[in-house]
Amino acid sequence: MKIIYFLSNITYPPLEGAHEQTLNVIKEISLHSNSVELFVFVKKLSEFDMDLFFKDNPNIKVIKVIEDSNSYSFRLFFYFLILLVNRKIFFNIFDIKNFDFLKSYDVIHLEGIPLLPFALFLNKKNIVFSPIDAWSLRQKRLLKNESNIIKKFFRFLNYKLSYYIEYKNFNKLNSIHFVSKDDAKYYNNFKLNNIINIPVALPDFYFSRNIELDNSKTIVLIGDIRVNYIYEGIYLFFKNNYPEVQKNFSQIKFIVVSKSIPFGKLKDLTINNKNISFLPWVDDLYDLCCKSTAIVLNDLNGTGQKNRTIMSLASGRPVLGTNFAFQGIEINNAEHGYIYKIDNELNVSLMKVLNDPILADKIGIAGKKYAYTNFSMHSVSKQWLSLYSNIAKREVYAVSRSL
């Protein structure tokens, strides 16, 4: 089986969990396919180390790397304009004379909402289009967190136009992939019969590592504070939840893996507190989670499944998070982890695991088993290979019929 992936945005080494997730799955697929090739877009050429990629992934061939720093929204709307006005411009964007070479592939996988117009342009039955999460839903939810009137207006336009594009075009594709069933349900009124749900995957070695718990009590918070709704969630945790926890456990330490040093009101709130540490980067986040007493995920918004939520569950430590943090991850509340809606719920659950190490271990072990059953690379790759095989067979059948 011969597969080509077109990726809207990628980095190597991966700078984001989503990039790492995508490349891990592709690497696994390459072990079970005759040929896997990539056609990638990057925001900066310097963010994709070609030599290192070839060294680490000898089974995968990179056909072309194209630099495009424009936003997903701009590219989506611009590509649609090209689709309507002059499709030949696609050849310039992709720096290719024609797309006849795609005839040799059994499966063409396009990842990222900007590539929807390109999928329609190619109009092939063996295409898997993967927006990953519900794009217009993401824009709709971000509206709630936007305080600037002008930005809110443009976000609203983005949402409405994105929704219209999805409504008019998703039914023209043979296979649309979402990682989250919740995101797929968002499109129920579209009456689509081409949606596929395959979750994100965590490499199996995570589940086989044995890391001992640190004896000191440590709470780990994970989230990129450069993202507004994560910043606000972490700020509200230290404003509303932290005082009570600290009152009951004065020696407890809080580590925030934040991808940035704190700034603004979050910095003002935490800067003089020796029990709170911000780490823009850690070499082994999984190791840190395994040694922690508990993990808290404070997302106030977002779509799709969160890689850090699944990785946190796989650590074997109790995970406490918002509905958004657990979106698309259908755990049983208070069995595999804790889902909270308001500050008080978080504190009640957090006190339970801090006061009862046996309960904390029980919740953590149950969460790890759940993560392995549903999100291990072994199980997820089987789903992808089955899908690709069916698509390839369908394409061969269509070609034979045409002959």
W384 ring center within less than 6.0 Å of H177 ring center: yes

Taking the six-membered ring for Trp, are the ring centroids of F118 and F129 within less than 6.0 Å of each other? no

Check residues 256-267 and write down every donor-acceptor pair under 3.5 Å in which the side-chain atom is one partner and the other belongs to a residue at least two apart or another chain.
residue	atom	partner	partner atom	Å
S258	OG	S260	O	2.6
K259	NZ	L15	O	3.1
K265	NZ	E232	OE1	3.2
K265	NZ	E232	OE2	3.2

Does I329 reach the side chain of L313, with side-chain heavy atoms less than 4.5 Å apart? yes

Determine the interplanar angle of the Y72 and W135 rings, folded into 0 to 90°, and report it as parallel if under 30°, tilted if 30 to 60°, perpendicular if over 60°. tilted

Flag yes if more than 12 heavy atoms outside K144 fall under 6.0 Å of its NZ atom; otherwise flag no. no

So with a 6.0 Å cut-off around CZ of F154, is the heavy-atom count from everything else above 12? no

Looking at the rings of F237 and Y242, which for Trp means the six-membered one, are their centres under 6.0 Å apart? no

Any donor-acceptor N/O pair, N307 side chain to V200 backbone, under 3.5 Å: no

Hits for side-chain contact (heavy atoms from CB on, under 4.5 Å) against K291, two or more places apart or cross-chain, chain-then-number order -> I211, D214, D287

Mark yes when over 12 heavy atoms from residues, nucleotides or ligands other than L84 sit less than 6.0 Å from its CG; otherwise mark no. yes

Are the ring centres of Y186 and F178 closer than 6.0 Å? no

Testing T218, D361, T293 one by one against R317 for a side chain to side chain donor-acceptor pair (under 3.5 Å), which residue passes? D361

Which atom pairs, donor and acceptor, lie under 3.5 Å between side-chain atoms of residues 338-345 and protein residues at least two apart or in another chain?
residue	atom	partner	partner atom	Å
Y340	OH	N298	ND2	3.3
D343	OD2	N240	ND2	2.9
E345	OE1	K341	N	2.7

Indicate, with yes or no, if the rings of F94 and F99 have centres closer together than 6.0 Å. yes

Heavy atoms from other residues, nucleotides or ligands near NZ of K140 exceed 12 (cutoff 6.0 Å): no

Is there a donor-acceptor pair closer than 3.5 Å between any side-chain N or O of S381 and the backbone N or O of H378? yes

Establish, yes or no, whether the cationic atom of R75 lies under 6.0 Å from the six-membered ring centre of F41 and within 45° of the ring axis. yes

